[in-house]
Number of protein chains: 2
Amino acid sequence: MPDVGASKALDPLLCFAVYSLERRIGRLYADLLAPWRLSYTQYLVVEMLGANHGEPLTVGELGRLLDLDSGTLSPLVKRLEARGVVRRERSRDDERVVTVALTAAGDDLHGELGEVQRCLAERLPPDRAAAGDLLARLREANDYLALHADA
Amino acid sequence: MPDVGASKALDPLLCFAVYSLERRIGRLYADLLAPWRLSYTQYLVVEMLGANHGEPLTVGELGRLLDLDSGTLSPLVKRLEARGVVRRERSRDDERVVTVALTAAGDDLHGELGEVQRCLAERLPPDRAAAGDLLARLREANDYLALHADA
DNA sequence: TGGTACTCAGTTGTGCGCAATAGAATTGCG
DNA sequence: CGCAATTCTATTGCGCACAACTGAGTACCA
């Protein structure tokens, strides 16, 4: 007979575990990224642009890829532009759209950031099977919530 | 033969999955807690105090329980105090310590928050085995980082 | 063509998270 | 006792995250 009470009590613990782990990983990335004075979110944007082979992405595309809204991305991209990492340009096809691309300096930066991934691998648990499992479960939960929970 | 390259590439995806899921859960909680105008972190503090059976907790104890520092907790607790949810008091034994306890209104609030857990269970994936697995793996990762990674 | 609905980026306001720092209280040690 | 080191909370400053809103630009359609 399943213990429904204890089973439901699992959910808050699960949420708290995700919350706690996210902050631990955030502190880890903050540490790894400190030499480049990048936040984790800024790093994600640079990686996304770098992975796009020099092609620009629009603010909206970045938002969909990272699940972030313009309230977060707009000032973040502006700060990256102010540092010369990124170039912002209004699209000529559609004046509403702003395209974002790495500058030459931004491309160099992206190259250097390969270092970060290696350092990350040294600091995370080495059990690849467990990591694969965890990733699969996280994506399950994420996909479930994307479909069922929020707007 | 293990594919080491792809294996290392797993780590950034894992981190991003944790990051994404945390924000999804955050939005879910924000939705559930909106009727009480509580943030998730405020909710955690109220739950911790409620679970303590009327006994106060110090700011430091709350910080250790939730892995939060005073820079986050001090203003948060003050906001809860301003709303009459919580009472702050300097310990007479040790004037450095501030104890935090639920007021009568805070205790009522804590009672009402049982609702939140039920609503949460309705919105999260119903597969309890997967949830148990995920929780165990998250804790493994969390414990590993607590020992190896940060200060 | 005129107007209405929609899309896109940006702004504002609030709260969290954390590093760095400050300052008061306590402890411990000579 | 006197003083240095430590502990504990609070403050400051910065960036992220998001809701709510604005305003410009575009699409659609009668």
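Just so we're on the same page: letters track the sequence lines, and every chain starts at 1. Below, all heavy atoms of this structure are taken into account, side chains as well, without hydrogens, waters or symmetry copies. Keep in mind the model is a prediction, meaning the values are calculated, not measured.
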Which sits closer to the 5' end of DNA chain D, A:G71 or A:E95, going by the nucleotide each is nearest to?
-> A:G71

Does a side-chain N-to-carboxylate-O contact under 4.0 Å join B:R137 and B:E140?
-> yes

To the nearest Å, how far apart are B:D31 CG and D:dA17 C1'?
-> 16 Å

Specify whether A:Y19 and B:Y40 have parallel, tilted or perpendicular ring planes, treating 30° as the upper limit for parallel and 60° as the lower limit for perpendicular.
-> perpendicular

Look at the side-chain N and O atoms of A:K78 and state whether any lies under 4.0 Å from the OP1 or OP2 oxygen of C:dT11.
-> yes

Establish, with yes or no, whether the OP1 or OP2 oxygen of D:dC18 is under 4.0 angstrom from a side-chain nitrogen or oxygen of B:R24.
-> no

Below 4.0 Å: OP1/OP2 of C:dG17 and any side-chain N or O of B:T41 | yes

Nearest nucleotide by nearest heavy atom, which residue falls closer to the 5' end of DNA chain C, A:R23 or A:V97?
-> A:V97

Do any side-chain nitrogens or oxygens of A:Y19 fall under 4.0 Å of OP1 or OP2 in C:dG17?
-> yes

Whole-Å distance between D:dG25 C1' and A:R92 CZ?
-> 16 Å

Determine whether A:F16 and B:V18 fall in the same hydrophobic cluster, where Ile, Leu, Val, Met, Phe, Trp and Tyr are linked whenever their side-chain heavy atoms lie under 4.5 Å apart.
-> yes

Can you check the B:Y40 OH to C:dG17 P distance for me, whole Å?
-> 10 Å

Take the protein atom CD of B:E89 and the nucleotide atom P of D:dA10, then report the distance between them rounded to whole Å.
-> 13 Å

When rounded to whole Å, the OH to C1' distance for the pair A:Y43 and D:dG15 reads 19 Å

Among D:dG15, D:dT11, C:dA9, which is the nearest nucleotide to the side chain of A:Q42?
-> D:dG15

Distance, rounded to the nearest Å, where B:D69 contributes CG and C:dA20 contributes C1' = 11 Å

To the nearest Å, how far apart are A:L32 CG and C:dA19 P?
-> 13 Å

Think A:R27 has a side-chain N or O under 4.0 angstrom from the OP1 or OP2 of C:dG17?
-> no

Select one nucleotide: of C:dT26, C:dG10, C:dG17, the one nearest the side-chain heavy atoms of B:R96.
-> C:dT26

Would you mind classifying the nucleic acid contact of A:L73 as base, sugar-phosphate or nothing, using non-hydrogen atoms under 4.0 angstrom?
-> nothing

Side-chain N,O (A:R88) to OP1/OP2 (C:dG10) below 4.0 Å = yes

Are the side chain of A:E115 and the backbone of A:E112 linked by a donor-acceptor contact shorter than 3.5 Å?
-> no

For the side chain of B:L68, counting heavy atoms from C-beta on, which of C:dC18, D:dT9, D:dA17 is nearest?
-> C:dC18

Between D:dC18, C:dG17, D:dA10, spot the one nearest the side chain of B:S74, thanks.
-> D:dA10

For A:D94, which contact category applies under a 4.0 Å heavy-atom criterion: base, sugar-phosphate, or nothing?
-> sugar-phosphate

Side chain of B:T72: nearest nucleotide among C:dG10, D:dA17, C:dG17?
-> C:dG17

Report which part of the nucleic acid A:G60 touches: base, sugar-phosphate, or nothing (heavy-atom distance under 4.0 Å, all strands).
-> sugar-phosphate

Does a salt bridge link B:R118 with A:D11, judged by any charged N lying under 4.0 Å from a carboxylate O?
-> no

What one should report as the nearest heavy-atom pair of A:R123 and B:Y144 is O-CE2, 3.3 Å

Spell out yes or no: do the side chain of B:S39 and the base of C:dG15 have one donor N/O and one acceptor N/O closer than 3.5 Å?
-> no

Write down the distance between CG (B:D93) and C1' (D:dT7), rounded to a whole number of angstrom.
-> 15 Å

